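Take a look at the structure below.
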Amino acid sequence: LRSKPMSRIDLKRRAEIGAERRKKRQAAFIDTAMALIAEAGSLHALTPEALMKRAGASRGTFYNYFDGIDDVLEHVAAHVMNDLNQSILATYAGVESGPVRLAYSISQFFSRAEKDPAWGLCLSKLILEAGKISAESREYFAIDIEFGRADGTFTVTDDEVVRNLVGGIAAMGLISIHRGVFDADRKRQTLISMLLALGSSGAATDAFAHALLEAHWRDDADLSDSALLLRLAGDVCEDPVALLARGASAALQAESEAQ
């Protein structure tokens with residue numbers, strides 16, 4: 001008997017199953033790579049041989065999914081950063097202040113690292129040892145910087161210098177979090193130093209960093225509240241000194257209530 005020809009639906013489903021299996025297998029390699037980086041505290045331990053041995057995969061299987069270690073690192077960077085990027089993007093949509101967008105983004109990476117220090121360590125090593133961030137992160141970062149340049153806030157014009165400044169400061173902050181020596185004041189000073197290095201004025205920068213980290217964004221605050229971020233951005237532009245005073249007052253009141 002002649003078998004019936006496979007329908008187009010069956011072929012499509014078959015392709016979908018194959019893609020799902022490939023995605024799962026690739027994700028397993030990425031998880032293994034992150035574990036190796038976390039254990040060694042360095043990217044130097046990540047070699048094709050080490051990855052194949054830990055994953056229990058053959059050389060052919062490895063190269064069926066990746067071109068080499070650099071390709072693995074690109075995928076790890078995307079895995080580490082892109083979910084958080086989407087959350088950040090949804091929150092600061094509509095905000096056109098470069099300093100506010102950038103400070104908020106970096107603060108969220110710090111917050112994520114505080115919850116998952118191994119994640120933060122992995123990201124810091126990707127930045128410092130391989131110069132890797134995801135393509136999506138590069139795009140959003142460039143937009144933040146252009147907003148800051150457009151309103152005259154950011155005065156550094158060389159893109160490589162900007163990347164080095166922000167990437168280096170952020171990566172070292174992630175390492176400090178992993179070491180357990182990154183308290184609220186260091187976080188605030190880190191954001192202030194980063195924004196000042198890019199050209200922000202002292203009053204507005206200090207006001208926003210204080211409000212973001214010590215008053216409006218306490219543990220009980222809704223970190224996805226885009227309206228709050230927009231209001232902060234507007235307050236910084238209109239009267240940074242008043243915002244700083246209000247933020248300091250709120251922080252002191254919260255500390256008093258906690259005692």
Side-chain angles (χ1 to χ4, degrees), residues 77 80-93 95-117 119-128 131-149 153-154 156 159-179 181-202 204-218 221 223-226 228-230 232-233 236 247:
V80 166
M81 303 179 81
N82 286 355
D83 283 348
L84 185 55
N85 280 335
Q86 290 303 312
S87 173
I88 292 170
L89 184 65
T91 300
Y92 72 19
V95 175
E96 296 186 359
S97 165
V100 171
R101 290 170 64 98
L102 186 60
Y104 175 70
S105 298
I106 300 301
S107 73
Q108 292 310 290
F109 276 89
F110 287 161
S111 295
R112 170 67 184 273
E114 287 171 336
K115 296 174 183 175
D116 187 352
W119 175 92
L121 180 64
C122 182
L123 179 54
S124 72
K125 296 304 177 182
L126 286 168
I127 295 171
L128 292 176
K132 296 289 185 187
I133 63 173
S134 69
E136 186 178 83
S137 293
R138 283 194 294 272
E139 178 184 349
Y140 296 153
F141 173 70
I143 293 171
D144 295 346
I145 297 303
E146 283 308 309
F147 271 124
R149 286 172 175 165
T153 305
F154 294 158
V156 180
D159 289 343
E160 185 68 15
V161 172
V162 171
R163 283 192 292 268
N164 290 342
L165 276 172
V166 177
I169 290 172
M172 292 309 297
L174 294 171
I175 290 175
S176 292
I177 290 171
H178 189 264
R179 290 169 51 212
V181 294
F182 204 62
D183 58 18
D185 188 60
R186 279 191 176 149
K187 194 188 300 183
R188 182 179 65 85
Q189 290 191 53
T190 297
L191 291 181
I192 290 171
S193 298
M194 178 183 67
L195 296 178
L196 288 175
L198 293 173
S200 294
S201 67
T205 298
D206 194 35
F208 178 68
H210 196 107
L212 179 68
L213 296 173
E214 295 184 20
H216 295 275
W217 298 90
R218 297 189 303 273
L223 295 181
S224 64
D225 186 352
S226 56
L228 176 55
L229 190 63
L230 280 165
L232 278 178
V236 168

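Since this is a predicted model, take the numbers as computed values, not measurements.
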Approximate separation, where rounding is to 0.5 Å, of Ile177 CD1 and Ser111 OG: 7.5 Å

Can you list everything that forms a salt bridge (charged side-chain N to carboxylate O under 4.0 Å, His left out) with Asp116? Sequence neighbours excluded, please. none

Minimal non-hydrogen separation, Ala77 against Ile133, with atom names: CB-C, 4.0 Å

Which distance, rounded to the nearest 0.5 Å, do you find between the CD of Glu114 and the NZ of Lys187? 3.5 Å

Closest non-hydrogen contact found for Phe154 with Asp144 is CE1-O, 4.0 Å

So, for Pro99 and Gly148, which heavy atoms are closest and what is the spacing to 0.1 Å? CD-CA, 4.5 Å

Looking only at heavy atoms, what is the nearest atom pair of Ile175 and Ser124, with distance? CG1-OG, 3.5 Å

Show the nearest heavy-atom pair for residues Met81 and Ser134, with the distance to one decimal. SD-N, 3.4 Å

Using the ring of each side chain (for Trp, its six-membered ring), is Phe109 parallel, tilted or perpendicular to Trp119, with breaks at 30° and 60°? parallel

More than 12 heavy atoms of other residues, nucleotides or ligands under 6.0 Å from CG of Asp83: is that the case? no

Do Asp185 and Gln189 get their side chains close enough for a donor-acceptor pair, meaning under 3.5 Å? yes

Between Ile88 and Arg101, is any pair of side-chain heavy atoms under 4.5 Å apart? no

When rounded to the nearest 0.5 Å, the distance separating CD of Glu136 from CG of Asn82 is 4.0 Å

Look at Arg149 together with Asp159 and state whether they make a salt bridge at an N to O cut-off of under 4.0 Å. yes

Do the non-hydrogen side-chain atoms of Lys125 and Leu121 ever get within less than 4.5 Å of each other? yes

NE2 of His178 to CG of Leu123: how many Å apart, nearest 0.5 Å? 12.5 Å

Tell me the salt bridge (Lys or Arg N to Asp or Glu O under 4.0 Å) pairs involving residues 189-200, sequence neighbours left out? none

What one should report as the nearest heavy-atom pair of Gly168 and Leu128 is CA-CD2, 4.5 Å

Do Met172 and Phe182 touch side chain to side chain, with heavy atoms closer than 4.5 Å? no

Quick one: CD1 on Ile106 to OG1 on Thr190, what's the gap to the nearest 0.5 Å? 10.5 Å

Determine whether Arg163 and Arg138 make a side-chain contact, defined as any pair of heavy atoms from C-beta on separated by less than 4.5 Å. no

Leu102 versus Leu198: any side-chain heavy-atom pair under 4.5 Å? yes

